Amino acid sequence: MTISVDVPKDSFRLSQLLYDTRYRSLTIQVVAFILLMLSFSWLVSNTVQNLSALGKDFDFGFLSTPAGYDINQRLIEYSSQSSHGRAAIVGILNTLLVAFLGCIVATVIGVLVGVLRLSKNWVVSRLMAVYVEALRNVPLLLWIVLIFALMTESTPQPRDFREGGSASMLLGDTMAITNRGVFIPKPIWHDGSMILGAIFVLSLIGIWAFRRYARKRQEQTGDILPVFWVSLGLLIVPVTLFYFVLGHPVTLEYPELGGFNFQGGLQIRNSLIALWFALSLYTGAFIAEIVRAGILAVSKGQTEAAFALGLRPNRTMNLVILPQAMRVIIPPLISQFLNLTKNSSLAIAVGYMDVRATLGGITINQTGRELEGMLLLGLFYLTASLMISSVMNIYNNRMKLKER
Amino acid sequence: MTNANLSYVREEMLAPQDPPLGQTGVIRWLRENLFSSWLNAILTILSVWFVWTVVSHLFPWFYNSIWSGGSLNECREIRDATLGEGASAACFAVISDRWQQLLFGFYPSDGYWRPILALFLFLGSIMPVLFAALPRKLLLGTAAAPFVLVWLLWGGSIWVAVSVALGFVAGFIAYRVVSSSIGSSLLAILAAIAAPILYWSVLHGPVSGAFSGIIPIELPKVQSKEFGGFTLSVIIGIAGIVLSLPLGILLALGRQSNLFLIKYVSVGFIEVIRGVPLIAWLFTASLLLNYFLPPGTNFDLMLRVIIMVTLFSAAYIAEVIRGGLAALPRGQYEAADALGLDYWLSMRLIILPQALKISIPGIVNTFIGLFKDTTLVVFIGLLDPIGLAGAIRASTDWQGIYWELFIFIGLMFFIFCYSMGRYSLYLEKKLQREHR
């Protein structure tokens with residue numbers, strides 16, 4: 001006996017749009033789309049009306065007009081006659097500068113504190129716990145303002161450095177901490193410094209090649225080469241040698257007291273220092289927790305297995321624990337870097353000229369282009385974070401454990 | 001050779017010997033914990049030295065602290081008179097002089113009881129949510145709390161708040177009536193949306209006016225710009241926290257959704273919000289929002305900030321919850337489908353309880369971040385504690401003071417954030433079901 005299953009060939013009824021799961025998703029999406037478009041066009045028409053009421057248009061031409069304001073810290077040529085666009089680029093570079101410096105110091109602090117917090121040493125681990133909790137539970141803005149106040153109010157004025165003054169320079173008269181910033185020696189690049197730079201790059205390539213060779217050799221023969229010492233030698237020896245051979249192509253210009261301020265040398269403004277240190281200390285506390293969690297995430301059995309295989313503690317750490325911990329640590333670490341970059345917009349509290357201060361601050365105030373300025377500012381941050389998060393996604397996919 | 005009765009085995013137990021001195025008590029603990037290796041010993045000595053330096057500087061500073069005086073100079077005079085020239089002494093007189101401002105901003109001083117009462121009411125109303133042991137009927141009080149709190153803080157007639165609340169009741173009743181009489185959940189939801197809107201637009205004014213006429217219960221009105229200090233931070237923080245959680249859950253579900261449009265709208269929203277720092281969003285709220293709204297609308301800056309902060313942290317919460325959703329085994333979703341539950345039921349009964357449990361630490365971290373971020377409102381002209389600290393430091397009386405102010409503000413934030421973190425640890429422990 002055969003059973004024929006006839007699919008009832010009902011004609012399409014309107015109620016199926018609501019009650020049939022095959023069609024319902026379509027209905028929902030169409031309704032959502034209509035609502036979305038309606039609200040979008042409502043916003044746009046409001047904006048158009050408001051702009052025309054104010055007599056403004058939507059135009060990015062202001063980017064090429066002269067800015068007319070000065071920026072006290074610049075990494076590229078800039079004067080008040082330069083365009084608003086160039087001012088924005090100076091601001092972007094300043095943002096990237098403080099983000100870069102901050103990421104490095106925050107990573108160093110974070111790794112140190114995270115490892116020390118796991119130490120069996122009771123005093124040290126308590127101290128690090130206090131550091132982490134104190135930094136994480138108090139707003140970043142407060143730290144920035146506090147460090148800035150410390151730098152400006154409790155450091156000596158430049159005139160105190162004169163003969164018989166109350167303050168003196170540090171590190172053999174090469175560095176001065178004043179309420180106008182920290183003055184450090186400035187490297188001067190003479191002829192031949194390019195060659196020195198090229199040699200430095202070459203030795204970096206040499207280190208990379210040597211490491212590759214050492215790994216291959218270890219895989220094939222089992223011999224272990226002293227990678228660390230050879231790398232260190234490659235890094236230091238050629239550069240030092242050529243530094244003397246080429247006749248000191250790089251010299252230092254020391255800051256000297258002249259008039260009411262220090263002349264020469266490199267001035268690191270208090271605004272940069274406050275922002276840099278506050279960001280590093282704050283993000284460092286978060287990174288410390290990430291590092292701690294990453295190391296704890298590797299189960300104890302892994303260590304025990306490595307010991308059972310006869311690996312020494314050093315190699316256990318390098319070959320077994322760290323590679324597994326890194327899988328857990330890297331993604332949140334990168335998102336902390338991203339947070340640090342975004343938090344650098346708190347520069348506004350200390351008057352550091354980052355992109356928010358130039359493009360999103362003075363330029364907007366001078367030209368009255370709030371819409372365009374904020375749009376560009378948002379786009380800058382958005383591109384930066386999307387780029388970093390796509391890098392992270394690639395990493396995650398490569399590192400994913402392959403399961404079923 | 002009949003020595004069989006000779007025993008070579010000791011018949012009575014010896015009392016155990018004391019362990020060597022180095023293996024017991026304090027000495028052992030010190031050796032194992034502080035001086036197990038050279039590196040450890042150096043670290044110990046360094047950190048003990050560090051702690052000693054800090055304490056030896058801070059203790060006299062705190063111990064000698066001066067709590068009376070109207071300016072920094074007066075403080076110094078008192079110090080010089082009592083402790084001698086240049087002694088180390090904190091001048092907490094700035095706190096006793098300005099604490100009202102730091103806590104309440106420019107809130108009218110005869111109404112200070114209102115924010116305080118509101119805080120206690122809030123804490124009381126949140127208890128049944130936080131601790132499941134309390135009777136469930138208390139949740140009714142929690143539902144009423146938002147209206148009472150808003151009335152308490154901003155003042156006006158109580159009947160306005162009651163009447164607004166009645167709108168929600170109307171919506172609830174409409175939902176019940178329609179769903180029981182017609183049985184269509186879609187129509188019921190539509191009714192639940194339509195009823196309050198109708199009520200608010202037609203009946204709200206007359207109802208509240210009539211009741212105010214009969215039994216006038218009023219508090220003096222307070223403008224939003226008079227709020228400041230910790231009152232402002234706490235209001236923005238709490239409003240943001242309460243509103244962003246449901247929105248975050250919806251966004252996370254949207255991002256996981258099978259519906260193409262819903263999914264990509266959620267993804268776009270989350271990524272755009274998260275990609276741009278909060279400061280930029282706050283400036284958008286204060287500079288640009290007027291462009292996007294119909295000409296002539298102008299609404300409260302504080303409300304704008306609350307909306308922005310809510311959207312901002314909702315995007316972060318959505319990502320945290322997405323992590324929780326992704327961490328659930330596929331079998332849970334499939335089991336829910338196999339039971340024949342529809343989407344919302346399976347989410348409410350099976351998926352979300354587990355996913356939210358996993359994401360508790362992340363959610364609380366986001367809340368802590370939100371609360372700390374409320375300090376950023378200073379840049380768009382609201383006076384939060386840090387803004388007020390700047391104003392105090394700029395005044396002639398207190399020019400040059402910073403440690404005392406920042407310690408006070410930092411401590412207040414620390415107490416709030418640390419207790420939130422502790423609660424999340426408690427919740428995690430309580431909800432732990434796996435045996436480890």
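Below, chains carry the letters A, B, ... as their sequence lines are ordered, and counting in each starts from 1. Model, not experiment: these values are computed from the prediction.
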Looking at [options], which one has more heavy-atom pairs under 4.5 Å with chain B than the rest?
options: A:V138, A:L51, A:V48, A:I388; value: A:V138
options: A:L386, A:L346, A:T383; value: A:L346
options: A:A384, A:S125, A:A349; value: A:A349
options: A:A134, A:A149, A:S385; value: A:A149
options: A:L142, A:N343, A:V145, A:N339; value: A:L142
options: A:L43, A:V124, A:I348; value: A:I348

From CA spacing to verdict: side chain to side chain contact (heavy atoms under 4.5 Å, CB included), A:W42, B:F292: CA-CA 8 Å; A:W42 183 69; B:F292 300 134; over 6 Å; no

Supply the atom-to-atom distance [X] [atom1] to [Y] [atom2], rounded to the nearest 0.5 angstrom.
X: B:C417; Y: A:R136; atom1: SG; atom2: CZ; value: 10.5 Å
X: A:S25; Y: B:F260; atom1: OG; atom2: CZ; value: 13.0 Å
X: B:E319; Y: A:S335; atom1: CD; atom2: OG; value: 10.5 Å
X: B:F283; Y: A:L377; atom1: CZ; atom2: CG; value: 9.5 Å
X: B:K372; Y: A:L140; atom1: NZ; atom2: CG; value: 8.0 Å
X: A:E133; Y: B:R422; atom1: CD; atom2: CZ; value: 6.5 Å

Looking at every heavy atom in both [X] and [Y], which two are closest together, and how far apart are they?
X: B:I279; Y: A:S345; answer: CD1-O, 3.5 Å
X: A:K342; Y: B:V276; answer: CD-C, 4.1 Å
X: B:T375; Y: A:L141; answer: O-CD2, 3.6 Å

Counting heavy-atom pairs closer than 4.5 Å to chain A, which one of [options] comes out on top?
options: B:F413, B:W403, B:Y402; answer: B:Y402
options: B:I262, B:L405, B:L376; answer: B:L376
options: B:T374, B:L287, B:L293; answer: B:L293
options: B:S47, B:P277, B:G421, B:G400; answer: B:P277

Taking side chain as everything from C-beta outward and backbone as N, CA, C, O, which of these in [X] sits under 4.5 Å from a heavy atom of chain A? Side chain, backbone, both or neither.
X: B:Y418; result: both
X: B:W281; result: neither
X: B:L43; result: both
X: B:F416; result: neither
X: B:I386; result: side chain
X: B:L259; result: both

Contact between [X] and [Y] at the side-chain level, heavy atoms closer than 4.5 Å - yes or no?
X: B:F406; Y: A:W143; answer: no
X: A:E153; Y: B:R393; answer: yes
X: B:F371; Y: A:P139; answer: no

Heavy-atom proximity to chain B below 4.5 Å, by part of A:F286: side chain

A:L26, part contacting chain B, at a heavy-atom distance under 4.5 Å: neither

Side chain to side chain contact (heavy atoms under 4.5 Å, CB included) assessment of A:N46 paired with B:Y291: CA-CA 7 Å; A:N46 280 338; B:Y291 282 119; over 6 Å; no

More than 12 heavy atoms of other groups within 6.0 Å of B:Y264 OH: no

Short side-chain to backbone donor-acceptor contact, A:E370 and B:L288, under 3.5 Å: no

